[in-house]
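Below is one structure, written out as structure tokens; comments come after it.
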Amino acid sequence: MEHRIALLGFGVVGQGFAEIIQQKSQRLMEQFGLNAKIVAVSDVIKGSVYHPDGLSIPELLKSVRETGNINGYPEQEGLIRGLNSFETIQRSNADTIVEVTFTDVKTGQPAIDHCRYSFEHGKNVIMSNKGPVALAFGELQSLADKQHVRWGFEGSVMSGTPALRMPITSLAGNEINEIQGILNGTTNYMLTRMEEGLSYKEALMEAQKNGYAEADPTSDVEGFDALYKTVILANVILQYPLKTHDVERQGISHLTKEDIKQAKQEQKKWKLIAKLKKENGHLIASVKPEKVGLDHPLANITGATNAITYHCDLAGPVTLIGAGAGKVETGFSILIDLINIHRKQL
Ligand code: HSE
């Protein structure tokens, strides 16, 4: 069955997703009967093309590779250029909008408006942006439900590692009383490198060079990135309408090489731990550095890897370890939402 997709944004994640769709087209068809077709791409900087019969992914990628934009996409009958994001949502024949714009996580925009507009026009949305889920989960999910469309955001926490879908589907029936996680790759990488002798500054520079850090690393090192993910987990997994200001937050910027060394002497490690704990009908939420013993389930998570433990009343503690960022991993998070929308599963 044909599934038409419009991409809003054609940066690293958008291109990564397009490459996956191209490489996996035969497998998607054989395994799921899914004929995923990109009909539109609209990017505020790189340009915009739409064809109701579908666009050539190799031509889109070639144009970006050679010119940095998609204006070089070859002319063809019926091709429409220049639609902005809202016109693309309204005028294209896409079933699903893949929202991968550069979104300000503090305001959630423009992704929140893109979600609203898409749902109002009867279109599903898939995204990996944290902002809309952390800031407007209740409103947007209600709107999607009312309009009988789907909203996928698996990639907003731990990219392609199923931190949201796994508890929702495979741990269903448990009461999850506590969640603890390492949800930010940059800070975990920095703490690991500082254990190996690097200074805070050197470790941050390396994390930036490796592409783990956000454009403004303040979000990583001061714990905001992990805080948004914590709010998403509370809302989506624990059904608790936690807001960003409800979370106690402290980053790692005050930690020195000496603090790390001291912990090592005590057979401990500093980790930036995100925690959600149900207590007497309340939810206690924090993101802060904690000195954990080497037997702690998250102590041995090193480098940019993320991990999360769900404490379940029936299954006991279940820990998931995996990537928290990356072009292919985040591209996959979009794909798995698409597959599940197609096969009408969660
Ligand atoms: N900067 C983030 C991290 C990327 O370091 O984990 C994914 O949100």
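By convention here, the first residue in the shown sequence is residue 1. Order of appearance sets the numbers: ligands from 1, and atoms from 1 within every ligand.
Close N/O approach between K130 and ligand 1 is found [any backbone or side-chain N/O within under 3.5 Å]. Checked against a 3.5 angstrom limit, the closest N/O atoms of A325 and ligand 1 fall outside it.
Protein heavy atom in closest approach to atom 6 (O) of ligand 1: G185 N, 2.7 Å. What sits closest to atom 2 (C) of ligand 1 on the protein, heavy atoms only, is E214 OE2, 3.2 Å. The nearest heavy-atom contact from the protein to atom 8 (O) of ligand 1 is K229 NZ, 2.9 Å. In this structure, atom 5 (O) of ligand 1 lies nearest to the protein heavy atom T186 OG1, 2.6 Å.
Salt bridge D113/R116: present, at least one basic N to carboxylate O contact under 4.0 Å. Electrostatic pairing of E178 and K278 does not count as a salt bridge here, judged by no charged N lying under 4.0 Å from a carboxylate O. Between E206 and R193 there is a salt bridge, since at least one side-chain N of the basic residue sits less than 4.0 Å from a carboxylate O of the acidic one.
Close approach of ligand 1 to G324 is summarised as follows: ligand atoms under 4.0 Å from at least one heavy atom of the residue are 7 (C). Near D225, meaning under 4.0 Å from one of its heavy atoms, ligand 1 places the atoms 2 (C), 6 (O), 8 (O). When each atom of ligand 1 is checked for a heavy atom of D220 under 4.0 Å away, the hits are 1 (N), 2 (C), 3 (C), 5 (O).
N93 contributes a side-chain N or O that, together with a main-chain N or O of P52, makes up a donor-acceptor pair within less than 3.5 Å. Between the side chain of T103 and the main chain of V105, no donor-acceptor pair closer than 3.5 Å is present. Judged by distance alone, the side chain of E154 and the main-chain N or O of L164 form a donor-acceptor pair under 3.5 Å.
Judged by a 6.0 Å distance limit and a 45° cone about the ring axis, R249 is positioned over the six-membered ring of F224.
When non-hydrogen atoms are compared, ligand 1 lies under 4.0 Å from the backbone of N184 as well as from its side chain. At a heavy-atom distance under 4.0 Å, no atom of T187 approaches ligand 1.
Aromatic ring orientation, H114 versus F86: tilted (interplanar angle from 30° to 60°).
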